[in-house]
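Here's the structure, in structure tokens; my notes come after.
Note that this is a predicted model, so its numbers are computed, not measured. Order of listing sets the numbers, starting from 1, for every ligand and every atom in it.
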Amino acid sequence: MKKLEVFGAAKLKGQIRISGSKNASLPILAATLLSNKKISLTNLPKVKDIETMITLLKSLGSSIDENKKILTVNNNKQIKTFAAYNLVKTMRAGILVLGPLLAKFGKAKVSLPGGCAIGTRPVDIHLQALSKLGVKYKIIQGYVYADAPKGLVGASINFPKISVGATENLIIASCLAKGKTILSNCAIEPEIKDLVNFLIKLGCDIKWLTKRRIEINGVNYLSEIKYHVMPDRIEAGTYLIAAALTEGNLKIIGIDPKIISTEINILKKMGAKIVKKKNEILIQGSKKIKSINVKTSPYPGFPTDLQAQIMVLLCKANKKSYIREEIFENRFMHVAELNRMGAKISINGNKASINGNIKFEAAELMATDLRASVSLILAALASNGRSIINRIYHLDRGYENIEKKLKKVGAKIRRVN
Ligand code: EPZ
């Protein structure tokens with residue numbers, strides 16, 4: 001089924017359990033290539049991007065057993081080092097196999113990710129940093145041909161720009177490099193901390209020196225381990241915004257409020273009542289939504305992955321507000337669709353100005369990327385009438401059972417052909 005039918009207006013009430021983090025699972029799955037011992041992973045979300053990464057690992061030769069909730073990886077036979085375009089093009093995180101393949105095998109042929117709706121998604125920072133570890137590479141017909149004939153050698157590397165993927169690729173690659181690597185100006189998203197925790201448990205020698213500086217000493221022995229992936233903070237933030245938008249009353253369970261404190265503080269400033277507990281968040285949306293200006297930035301700033309969602313809430317706020325998208329160059333694809341639902345949003349470069357006091361009208365809509373598609377669901381829940389959202393394959397890349405979770409808290413939502 002390719003479409004979602006949503007009836008608004010909804011008032012969400014009840015509890016939602018947060019699934020495992022897609023953006024922690026992807027680098028951790030890629031990092032399993034470092035080891036030829038058994039690795040069991042739990043709490044991986046059942047979403048398309050994880051399936052694609054698993055298919056990519058299997059295409060490289062990883063033997064993967066998925067039974068019930070445990071995914072077991074065994075790399076005790078020869079691994080290929082070729083990551084094909086047809087897999088990497090649909091999931092840009094495929095570039096994350098480059099680091100582990102080079103670390104373990106000293107060579108790799110990996111497709112460049114190519115662009116997507118939100119931007120060109122270059123990997124120059126990954127490649128420049130890898131060359132500091134001794135990697136030689138050339139780009140031929142959309143593939144990176146990389147090799148390190150003498151193996152990777154530790155180095156001091158200062159990222160010219162904060163990049164989640166480049167930080168992950170280099171941390172993973174440095175784990176088997178000879179000697180010490182110091183990475184500075186790292187991204188420090190919670191998903192990166194989760195990757196580091198996984199690698200330390202695997203037997204890697206890693207320690208954070210300062211907020212954005214990390215030291216990795218290469219090792220040559222890794223252990224057989226079990227690891228439970230962290231919960232998805234972007235999924236949690238999405239449901240918090242859904243509660244604030246629909247004057248709802250939700251208990252979000254299975255998430256540590258500390259990792260989304262920026263988002264919680266913004267929602268409180270906008271009028272939501274929020275109670276934080278050890279591993280859950282209670283939120284009561286308010287009738288009056290106060291406007292606030294938002295700028296996306298690397299963690300611990302406001303996440304770009306919640307920008308489309310907070311924009312929907314700002315349409316319902318009492319005054320005009322502004323969003324500055326500082327991370328991706330084209331992450332306003334949802335604006336045209338929201339304007340078709342009655343929003344009054346104008347764009348000037350990376351700045352969106354959002355009129356408040358909007359009454360969303362139900363409409364037939366088109367999803368363009370993962371987070372834009374969920375913002376259309378939010379707007380449909382806040383509108384009156386029947387909306388249809390097309391191309392929901394974007395949604396299935398990153399939200400586990402979203403219509404089941406929303407239905408359970410009172411939303412009228414279902415898949416249709
Ligand atoms: C990760 O993408 C996430 N994906 C994205 O989530 C998230 O939006 C992004 O980090 C920012 O937080 C995964 O974790 C799988 P970056 P990534 O490297 O690693 C530029 C979602 O919805 N850049 O931090 O690709 C880049 O173009 C996805 O779950 C270079 O110029 O993000 C962007 O403008 C969407 N050269 C900025 O840096 C490079 O070599 C940040 O990108 C690499 C990045």
Numbered in order shown, the ligand 1 atoms found under 4.0 Å of a heavy atom of K22 are 21 (C), 29 (O)
Any heavy atom of R92 under 4.0 Å from ligand 1? The part involved is neither
V123 heavy atoms within 4.0 Å reach ligand 1 at atoms 39 (C), 40 (O)
The residue among K405, H394, R371 that forms side-chain hydrogen bond (donor to acceptor under 3.5 Å, both in side chains) with Y399 is R371
Honestly, for R371 the part within reach of ligand 1 (heavy atoms, under 4.0 Å) is side chain
In this structure, atom 39 (C) of ligand 1 is nearest to the protein heavy atom P122 O, 3.1 Å
re atom 36 (N) of ligand 1, the protein heavy-atom contact at minimum distance is D124 OD1, 2.7 Å
If you scan protein heavy atoms around atom 4 (N) of ligand 1, the nearest is N23 ND2, 3.8 Å
So, is the end of the K201 side chain (NZ or CZ) under 6.0 Å from the ring centre of Y227 and within 45° of the ring's axis?
no
Looking only at protein heavy atoms, what sits closest to atom 25 (O) of ligand 1 is R121 NH2, 3.0 Å
If you compare L370, V164, V374 by their heavy atoms, the one closest to atom 10 (O) of ligand 1 turns out to be V164
L60 versus F105: any side-chain heavy-atom pair under 4.5 Å?
no
Checking heavy atoms under 4.0 Å, the part of R331 that sits near ligand 1 is side chain
Atom 32 (O) of ligand 1: closest protein heavy atom, distance to 0.1 Å, is F328 CZ, 4.0 Å
For atom 40 (O) of ligand 1, the closest protein heavy atom turns out to be I125 N, 2.8 Å
Report task. State plainly whether the residues E403 and R415 are in salt-bridge range, i.e. N to O under 4.0 Å. Result -> yes
(message) Quick test of your reading of the model: are E191 and R233 salt-bridged, counting only N-O distances below 4.0 Å?
(response) yes
Taking only non-hydrogen atoms of T304 and a 4.0 Å limit, the atoms of ligand 1 in range are 8 (O), 11 (C)
> Is the shortest side-chain N to carboxylate O distance from K48 to D396 below 4.0 Å?
Replying inline: no
Quick look: I327 vs ligand 1, heavy-atom contacts under 4.0 Å, and the answer is both
Minimal heavy-atom distance between P257 and I264, with the atoms involved, is O-CD1, 3.8 Å
Checking K58 against E66 for the salt bridge (Lys or Arg N to Asp or Glu O under 4.0 Å) test, could you report, in this order, the C-alpha distance in whole Å, the side-chain angles of both residues, the deciding distance, and whether it holds?
CA-CA 12 Å; K58 285 179 177 171; E66 299 167 82; 3.6 Å; yes
ask   = Do D147 and K136 meet the salt-bridge criterion of a basic N to acidic O distance under 4.0 Å?
value = no
Should R331 and E325 be marked as a salt bridge (Lys or Arg N to Asp or Glu O under 4.0 Å) after you check the CA-CA gap, both sets of side-chain angles, and the distance that decides it?
CA-CA 7 Å; R331 202 168 197 176; E325 171 53 59; 5.4 Å; no
If you scan protein heavy atoms around atom 20 (C) of ligand 1, the nearest is K161 NZ, 3.7 Å
T296 and E326 have their tightest heavy-atom pair at OG1-N, 2.8 Å
protein heavy-atom neighbour closest to atom 18 (O) of ligand 1 works out as S163 OG, 2.7 Å
**Short N or O distance, G165 and ligand 1, threshold 3.5 Å exclusive** = yes
Per-atom filter on ligand 1: closer than 4.0 angstrom to a heavy atom of D305 are 5 (C), 6 (O), 7 (C), 8 (O), 21 (C), 22 (O), 28 (C), 29 (O), 35 (C)
